[in-house]
Amino acid sequence: MPLSMNREVFITCAVTGAGDTVSKSRHVPITPQQIASSAIDAAKAGAAVVHCHVRDPETGAAARRVDLYKDVTDRIRAADVDVVLNLTAGMGGDLVFGHVEAPFPLNEKATDMAGATERVAHVAACLPEICTLDCGTMNFSLGDYVMTNTPSMLREMAGQMTALGVRPEIEAFDTGHLWFAKQLVEEGLIEDPVLIQLCMGIPWGAPDDLNTFMAMVNNVPKHWTFSAFSIGRNALAYPAAAVLAGGNVRVGLEDNLYAGKGQLATNAQLVDKAVGVIEGMGAKIIGPAEVREKLKLKKR
């Protein structure tokens, strides 16, 4: 296919994530104050959008507490820098089976399953401009963990997000997830402009080789807006791939801890590296006001 480079690019910074990264880097933010501060620094470095999870301030483990989300969002909104707020709604779909010879009972300590309304409770309380919708079920990483998002669950969550006036960001880990996103649009559960995040290289979704990446890109309707990222060692290369393919960029400590071999990064440093790549390619970095206009977002 002909080259269709994006000349006006926005950067999303995924600030902390839900993974077990706290023990691997001192820069991964844990408390609401740390998460908000890191998000603000990323915005000052050039991120137009910050994508936020929260963590238990005592343990660093992933959390779904509404009060923690409220604390983070209040701090970011009170900051001296403008940024588009994007909250995860991916929590509450974690299904972990027991032993391979005895899948039931489930691993209750690791399993976290919640209903649709509970999964978007923090979205209703905080009313961010964007929240994520993981648009499918898949084997996720190692062991017996399944990321669970059934069609009925996704329909209900998408409808609630749209009713709240919050733009869903469809997180697509494979081509079938894009297929279902089109179905949600057809059913009127999500509205144009549709926003897609292509999540590459996460075991066991779509691998991050360029052939698979372009298969994902080619399944995104031309009038939709997409960003893309990969994790780990290929994360630093994906800003260039995403821009060349016509998309936008995501970086951050949710996806990658390093600015170079053996060099632990901050979120601001990862955004700064992405800015250098994008501008070095001759593209322009757009800010939060332009993103709001492009995606018809409601600033609160």
Side-chain angles (χ1 to χ4, degrees), residues 14 17-19 51 53 62 64 86-98 103-108 110-124 128-141 143-207 212-213 215-229 250 295:
H51 170 59
H53 291 245
R64 289 193 286 110
N86 176 339
L87 299 183
T88 185
M91 305 290 290
D94 300 339
L95 184 65
V96 184
F97 290 95
F104 295 102
L106 297 174
N107 182 332
E108 293 186 6
T111 293
D112 178 30
M113 296 293 291
T117 300
E118 184 178 347
R119 289 181 70 174
V120 300
H122 62 296
V123 177
E129 294 164 83
I130 301 170
C131 68
T132 59
L133 185 66
D134 296 344
C135 213
T137 295
M138 61 178 278
N139 293 332
F140 201 102
S141 193
D144 300 297
Y145 169 41
V146 179
M147 181 181 76
T148 308
N149 297 287
T150 66
S152 295
M153 177 68 75
L154 290 170
R155 285 184 169 97
E156 179 61 28
M157 290 176 68
Q160 290 194 28
M161 293 169 182
T162 298
L164 289 167
V166 177
R167 176 77 62 204
E169 179 189 67
I170 300 297
E171 295 214 335
F173 296 79
D174 218 332
T175 50
H177 300 180
L178 293 170
W179 185 6
F180 193 74
K182 295 171 189 175
Q183 183 65 28
L184 292 176
V185 173
E186 186 173 322
E187 295 176 15
L189 293 169
I190 59 175
E191 301 171 342
D192 281 332
V194 178
L195 175 62
I196 299 289
Q197 186 69 250
L198 299 179
C199 309
M200 307 300 298
I202 292 89
W204 300 103
T212 304
F213 177 50
M216 296 281 280
V217 170
N218 290 335
N219 272 282
V220 176
K222 297 299 182 185
H223 63 287
W224 291 10
T225 297
F226 78 90
S227 296
F229 71 93
R250 169 171 142 171
L295 298 177

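Numbers here simply count residues along the sequence, with the first being 1.
Put simply, the side chain of W224 does not reach to within 4.5 Å of the side chain of L195, judged on heavy atoms. Two residues are said to be in side-chain contact when any heavy atoms from C-beta on lie closer than 4.5 Å; L295 and E129 fail this criterion.
Atom OG1 of residue T132 and atom CD of residue E169 lie 6.5 Å apart, to the nearest 0.5 angstrom. Here Q197 contributes atom CD and F229 contributes atom CZ; the two are 5.5 Å apart, rounded to the nearest 0.5 Å. The CZ atom of R155 lies 7.5 Å from the CG atom of L189; values are rounded to the nearest 0.5 Å. Rounding to the nearest 0.5 Å gives a distance of 14.0 Å between CD1 of I202 and CG of N139. Between I130 atom CD1 and H51 atom NE2 the span is 10.5 Å, to the nearest 0.5 Å. Separation of atoms CG (D174) and OG1 (T137) is listed at 12.0 Å; rounding is to 0.5 Å.
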Given the rule in the side-chain contact (heavy atoms from CB on, under 4.5 Å) test, do M113 and L106 qualify, once you have shown the distances and angles that lead to the verdict?
-> CA-CA 11 Å; M113 296 293 291; L106 297 174; 5.9 Å; no
Go through N149 and R119 one step at a time and tell me if the side chain to side chain donor-acceptor pair (under 3.5 Å) criterion holds.
-> CA-CA 11 Å; N149 297 287; R119 289 181 70 174; 2.9 Å; yes
For side-chain contact (heavy atoms from CB on, under 4.5 Å), just list the numbers for I170 and F226, CA-CA rounded to whole Å, side-chain angles, deciding distance to a tenth of an Å, and then say yes or no.
-> CA-CA 9 Å; I170 300 297; F226 78 90; over 6 Å; no
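Residues satisfying the salt bridge (charged side-chain N to carboxylate O under 4.0 Å, His left out) test with D144, not counting sequence neighbours, are none. Partners of E156 according to the side-chain hydrogen bond (donor to acceptor under 3.5 Å, both in side chains) rule, which considers only residues two or more places apart in sequence or in another chain, are Q160. Taking D94 as the reference, Y145 meet the side-chain hydrogen bond (donor to acceptor under 3.5 Å, both in side chains) condition, with sequence neighbours excluded. In terms of the side-chain hydrogen bond (donor to acceptor under 3.5 Å, both in side chains) criterion, S141 has no residue partners (sequence neighbours excluded). Under the salt bridge (charged side-chain N to carboxylate O under 4.0 Å, His left out) criterion, E191 pairs with no residue at all, not counting sequence neighbours.
At least one donor-acceptor pair under 3.5 Å links the side chain of H122 to the backbone N or O of T88. The backbone N or O of V146 sits less than 3.5 Å from a side-chain atom of T148, completing a donor-acceptor pair.
The minimum heavy-atom distance between R167 and D192, with the atom names listed, is NH1-O, 3.4 Å. What you find for A14 and R250 is that their closest heavy atoms are CB-NE, 3.5 Å. Shown here for M91 and A62, the closest heavy-atom pair between the two residues is CE-CB, 3.4 Å. Scanning both residues, M157 and A116, for their nearest heavy atoms gives CG-CB, 3.8 Å.
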Determine all donor-acceptor pairs shorter than 3.5 Å in which one atom belongs to a side chain in residues 176-186; sequence neighbours excluded.
unit_1, atom_1, unit_2, atom_2, d
H177, ND1, F173, N, 3.0
K182, NZ, N219, O, 3.0
Q183, NE2, E187, OE2, 2.7

